Amino acid sequence: MHIYRTHTCAALTEAAVGEKVRISGWINRKRDHGQLVFIDLRDHYGLTQCVADSSDASFAIVEATRLESVVTITGEVVRRSEDTINTSLPTGHIEVRIENFEVQSAADTLPLQVNSDEDSGEETRLRYRYLDLRRGRPHANIMLRAQIIQSIRARMVDQGFTEFQTPILTASSPEGARDFLVPARLHPGKFYALPQAPQQFKQLIMVSGFDRYFQIAPCFRDEDSRADRSPGEFYQLDLEMSFVEQQDVFDAVEPVIRGVFEEFSDKDCGKEWVHIPFAESMLKYGNDKPDLRIPFEISDVTDIFRDSGFSIFAKNIEKGAVVRAVPGPKCGSRAIADRMNSWAQGEGAPGMGYIIYGEGEARGPVAKALGAEKAEDIRLQVGAEDGDAVFFACAEPDAAASLAGRARVKIGQDQNLIDERVFRFAWIVDFPMFEKDEVTGKIDFSHNPFSMPQGGMQALQDMDPLDIKAWQYDLVCNGVELSSGAIRNHLPEVMYKAFEIAGYDNKVVDDKFPAMINAFRFGAPPHGGIAPGIDRMVMLIADEPNIREVILFPMNGKAEDLMMAAPSDVDDSALNELHVRRAPVPKKSG
RNA sequence: GGGGGUGUAGCUCAGUUGGUUAGAGCGCUGGCCUGUCACGCCAGAGGCCGCGGGUUCGAGUCCCGUCACUCCCGCCA
């Protein structure tokens, strides 16, 4: 007999009755009746009830062993009597009569309760992550993640993609987020960077003549965390394809993503994934990652307020402001409207005007100043009914869109208008190539400097830079940005020109992107790709509100690994070897 | 860097308008219990109420500061 186990804790059923077996695992729960004690033994696979009574030699030690101790139990599988069958357990028709009980590893008093469905505090969970991960839901989430990644690999290979590995120690690149740097021992004063994504490598893979690449790629960005953004590192399904247009990328990716969501979730994934131009998304949803489950849209009512009796808005419009209207279904009460107004103030806006529609008339100060006719125009445009409200964001276009967008989400949530049983996907397309920095007025790349401008060189030469669109797209699901991609700019002259518009001369391109700009001189295939976030996909499928729930050993919000105690101090000798010296930590002012 | 929320037993949380000895469930220790499966019953241990200061006759509760965790803004090609 194997020294640890002949079966797992899920394997024993009525078929095994009469067999002498050995199982090992953790004591999940104990029910001590004095002369009779039950143990639920748990392993990765399931639970098996084991039982001993006072006549058994091991009875005392069974009673005395604490929860979560690891034990090996040897004994006979016995059928439970009819009245003691537990139908909620797959192994509930049998139990193991304990003949021998060996403690492999005794557990101290636990810092968190493993057999509870209730989460402990984040700090405790992360510090004792190995205990947290024994619990049902975290354990299942990690298994789900593994299965999803497995499925993605199979689907990608089926579609003719090949998985390659790209370097982890690479060069810092000027664009994007803050880099993690690694001092280069052999090159005093120089640093490697961890890749923010294998962006340049995957393009070079295409130049190398491989046709369809993918990788479950680790990406490193030194950015502050959010609920849907793990600090430091995350994984992307990174992929790139040669000789493709935008729609080819969509056609390759859509079945993979849809397939995975449909395989692992019961939620409806929609018939077709809509394409929404960036500008339309900003107008209707106030952001570039719309939650299409919210059943109403924002509309522009600037013209109705222009030169109107509502002078605050009218004056702002003259100065370039716009007015965006957010419908508030069933929000037609003073209390709700006031709450929205103070919410908006909390968001940094001066407030939110509103009109309440009820009993056939428009009410509130805005309606009064505007007059019944214009209030009715708004009602018709927005599609409001009796009992609804309409809220207004008046500001310069970006700020108005943003506030209206946040208000839309808040109303959707507060009024319970979000259908939790569906995934609503959308491709956001036609991103602008350039944008103007509000503070400096400088024109810069709005998304990815390697994207091909729509219209190519011609567009760069002839058009107002701010009007040029890029072959740049995002995949969005339920208000979460799942993915970002582009058809790349593989033409050196077009690349120089694009960087020139953004204020960088040819030398900058040559210095900062030597690999790409050189490679493109030796025959580069037109290519494009995308990189869906693995963690976010798993988070959506697992229906978890926080990305840490689908990561084995996540860091906390301050990018610390509480379990491993990282980051940590290092010896001076290690620093000396790396030619690195500590700078004094600046004292806090005040 | 900024804003919100939270911080009370090992864990999850309650704690009234400021008022006597700060509670519950789980866990832990001891006792009872031979059919439980969130077993039950009895008893017990366990608290710098995050920390520091202030107001007050009196602070878990009010005020100021600070720290930690968390959510959001900034940031995220």
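A, B, ... follow the sequence lines: proteins, then strands. Residue 1 opens every chain. No experiment lies behind these values; they were computed from the predicted model shown.
If you check distances only, the side chain of R29(A) never reaches the base of rG27(B) with a donor-acceptor pair under 3.5 Å.
As a whole-Å value, the separation of E223(A) CD from rG74(B) P is 12 Å. At whole-Å resolution of the value, CZ in R135(A) and C1' in rA38(B) are 15 Å apart. D53(A) has its CG atom 15 Å from the P atom of rU36(B), to the nearest Å. Separating the CH2 atom of W26(A) from the C1' atom of rG27(B) is a distance of 20 Å, rounded to the nearest angstrom.
Here rG40(B) sits opposite rC32(B) as a Watson-Crick or G-U wobble pair (both hydrogen-bonding atom distances under 3.5 Å). With a cut-off of 3.5 Å on both Watson-Crick or G-U wobble distances, the partner of rG47(B) is given as none. Here rA24(B) sits opposite rU12(B) as a Watson-Crick or G-U wobble pair (both hydrogen-bonding atom distances under 3.5 Å). The nucleotide rA68(B) finds its pairing partner in rU6(B), both defining distances of the Watson-Crick or G-U wobble pair being shorter than 3.5 Å.
Between Q236(A) and P532(A) there is no side-chain heavy-atom pair separated by less than 4.5 Å.
Of the candidate nucleotides rC33(B), rG35(B), rA68(B), rC33(B) has the atom nearest to the side chain of D32(A). Side-chain proximity of R97(A) to rG35(B), rC69(B), rC72(B): nearest is rG35(B).
By the stacking rule of 5.5 Å between ring centres and under 30° between planes, H33(A) does not stack on the base of rU36(B).
Between F434(A) and F445(A), the distance from one ring center to the other falls under 6.0 angstrom.
With R135(A) as the fixed residue, the side chain to side chain donor-acceptor pair (under 3.5 Å) test singles out one of N141(A), D117(A), D119(A), N115(A): D119(A).
Side-chain atoms of Y192(A) and D179(A) form no donor-acceptor pair, as typed in the model, at a separation below 3.5 Å.
For the pair E122(A) and K30(A), nearest-nucleotide mapping onto RNA chain B gives the more 5' position to K30(A).
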